[in-house]
There are 2 protein chains.
Amino acid sequence: MSDVAAAAGVSLKTVSRVVNAEGYVSTDTVAAVKAAIEQLGFRRNDAARQLRQGTAATIGLIFEDQSDPFYSTLARAVEDVALAHGSLLLIASSNGDPAHSQTIVDAFTSRGVDGLIVAPAAGTEPGLLQREAAAGRAIVFVDRPVPGVDADTVLADNVGGAAAATAHLVANGHRRIAFFGDDPGVFTATERLAGYSRALREAGLEPDDRLVRLAAPTADGLDDVIGGVLDQTDPPTALITGNNRWSIRMLRHLKAHASRAPLAFVGFDDFELADVLDPAVTVVAQAPAEMGRIAAELLFRRVGGAEEPIECIRIPPRLIVRGSGELPGPALA
Amino acid sequence: MSDVAAAAGVSLKTVSRVVNAEGYVSTDTVAAVKAAIEQLGFRRNDAARQLRQGTAATIGLIFEDQSDPFYSTLARAVEDVALAHGSLLLIASSNGDPAHSQTIVDAFTSRGVDGLIVAPAAGTEPGLLQREAAAGRAIVFVDRPVPGVDADTVLADNVGGAAAATAHLVANGHRRIAFFGDDPGVFTATERLAGYSRALREAGLEPDDRLVRLAAPTADGLDDVIGGVLDQTDPPTALITGNNRWSIRMLRHLKAHASRAPLAFVGFDDFELADVLDPAVTVVAQAPAEMGRIAAELLFRRVGGAEEPIECIRIPPRLIVRGSGELPGPALA
DNA sequence: GTGAAAGCGCTAACAC
DNA sequence: GTGTTAGCGCTTTCAC
């Protein structure tokens, strides 16, 4: 910058004024400075700016896996809001590991990010995050909360969505409905299971442990787990998968065991090609882009210094009827 | 840091030595400093560190759309390599707009990223990037090159892959094979079309313009475009889609027009659920994770100061036979 | 093993 | 409209 100042024959501060469009500089001076900038190929050093101003114009995103379509869609929506605020995105994947998550939070905060949007790993302790939140760093949780941290949170209505999926299958005549969800440590898995159980009871049906399995959809040996449920005596006539990874896993299993009688199927969370499969897959669709947008807007409100009370927003999922969930069950047959 | 120094009763520099594990500090002093750090909740300010050292321990990724599964998979692989080098990832989507791309490059370089991994937007001029490359900033292009920029590049063997897809269909008895690819401005679209044409000629078949359409897979009115090709007199019996977005688009069209005679189908680039569809979709699979890993390794080699000559690596795609590409054509019927 | 001093490139505060 | 000064928090250099 001092080189530019010398080249343009003005002071350092004047260059700074031009670079930051502060105004109060004569048109001629602006032109001279801009010419010097162009000629020297000058670009502001944001590290110095950040050191002085204390703002990085950057926010950090932490997800289990940035290549999961749910999160990559969410991230894209966050990016669009961040762009409107002149902010960039640091992204890192936690792999569902709270310890690694903590390392990432450390690395992000060391770099002075203005805020964090986090889908916390199962088992995340509030400690570090609560210290950050208390120190005034903007934090928004998406998809999952961290109890004990005072931060805005954007969640799907998991209970309501799973209950709607279950009620839909009941309405189509099913009485034995299986549920396959993520690890019980995962917040959404537990909530969705609760919604499933609630809807069963509301329909006068008794939840049956033999119809429920909770496991990471990436785990080994799932074919046996699924088979154990679907091939038991008094088997289910319908099933629900608790997230898009489980839906994909289940579809692969069902294709490999196509000789089995067809089951009604509702997936939690929409996924690409669900509409093209045969039968097309009925889902309770989350709105990842909307969740990302809302989370980002909440975040930038805090970054901007808003002092409103902490919010926890629940986004209602939407049942999309496509065919797989409407195969009639025994009560309608 | 000076607070920590005061609390531990040592000098600033000693704290710095401990924080950066430089050694040459007595065990007692280290313990005292660490205790002070813990107690004060100190975390190093990386903006100051960066200002002094000139390294941000951050690399920038620029893709058309970070939520495209091809790119999000690639980004994930880059992240894993970056993690091993203690580096974080700034990610931004160009939306295929060269001007916006340039803004992102500016923003990234202002922040002092150590390197850039870029899938350049169609129509990107070498200007800015070549200046950066010449100034010594590490740059690696993935998926598409920018002619005129001296930078390592990791590409798929698009010509070979598309030729293999075409030859496969020919071998299965097809003589009229349609090709649907991205906009002609897109490097990969042009290369893949060239591979298709070459394979046709090698099989003694004359490429027919009526069987080729190049358009963005997100464009409006594609049903008419596709229909115009598939419903003409002397229609194709097989088709190739030029990327995973086009494959999805085509599958949706084919499902909506299921009354039409089935066509053999090979997609360029694999996609989730291709194996579950009926028939399962034969593809020429790219290796986005491998491309990301290799690109990141090249990048960090340059960041580390390697002076080896510029490399352009071609990753061969792999034909995955699943069923849709093996429907027999007239020459075998 | 430890410390003092200088300075990275910028902006805030305050002249003029 | 423009310029001067100080200092953000760290690392580099050199001294002890």
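The sequence lines fix the lettering, A, B, ..., with proteins before strands; numbering per chain opens at 1.
R49(A) has its CZ atom 12 Å from the C1' atom of dA12(C), to the nearest Å. At whole-Å resolution of the value, CZ in R111(B) and C1' in dC10(C) are 15 Å apart. Rounded to an integer number of Å, the gap from CD of E22(A) to P of dT11(C) is 8 Å. If you measure from atom CG of L12(B) to atom P of dT11(D), you get 9 Å, rounded to the nearest angstrom. Y24(A) places its OH atom 15 Å from the C1' atom of dC14(C), with the value rounded to the nearest Å. Summarising the geometry, the separation between CG on L40(A) and C1' on dG9(C) is reported as 15 Å, rounded to the nearest angstrom. Look at CZ on F42(B): it is 8 Å from C1' on dG9(D), rounded to the nearest Å.
Between Q53(B) and dC8(C) there is no side-chain N or O to OP1 or OP2 distance below 4.0 Å. S16(A) has a side-chain polar atom (N or O) that falls below the 4.0 Å cut-off from OP1 or OP2 of dT11(C). Close to dT2(D), at under 4.0 Å from its OP1 or OP2, lies a side-chain N or O of T29(A). The side chain of R52(B) contributes no N or O atom lying less than 4.0 Å from OP1 or OP2 of dT12(D). Here N20(B) reaches the OP1 or OP2 of dT11(D): one of its side-chain N or O atoms lies under 4.0 Å away. Remark: S26(A) is in phosphate contact with dT2(D), judged by side-chain N or O atoms under 4.0 Å from OP1 or OP2. Using a 4.0 Å cut-off, no side-chain N or O of T14(A) falls inside it from OP1 or OP2 of dG1(D).
The shortest distance between side-chain heavy atoms of D3(A) and F42(A) does not fall below 4.5 Å. Using a 4.5 Å cut-off on side-chain heavy atoms (C-beta onward), T188(A) and D143(A) make contact.
Salt bridge status for R245(A) with E64(A): absent, with no side-chain N to carboxylate O gap under 4.0 Å.
Proximity note for M1(A) (side chain, C-beta onward) versus dC10(C), dA4(C), dA13(C): the nearest is dC10(C). For K13(A), counting side-chain heavy atoms from C-beta on, the closest listed nucleotide (dG3(D), dG3(C), dG1(C)) is dG3(D). Listed nucleotides: dT11(D), dT2(C), dC8(D). Nearest to the side chain of L51(A): dC8(D).
Looking at heavy-atom distances under 4.0 Å, R17(B) makes contact with a base. Looking at heavy-atom distances under 4.0 Å, V10(A) makes contact with sugar-phosphate atoms alone, never a base.
Between R44(A) and S110(B), the closest heavy-atom pair is O-OG, 3.3 Å. Nearest heavy-atom pair across F70(B) and P288(B) is O-CB, 3.6 Å.
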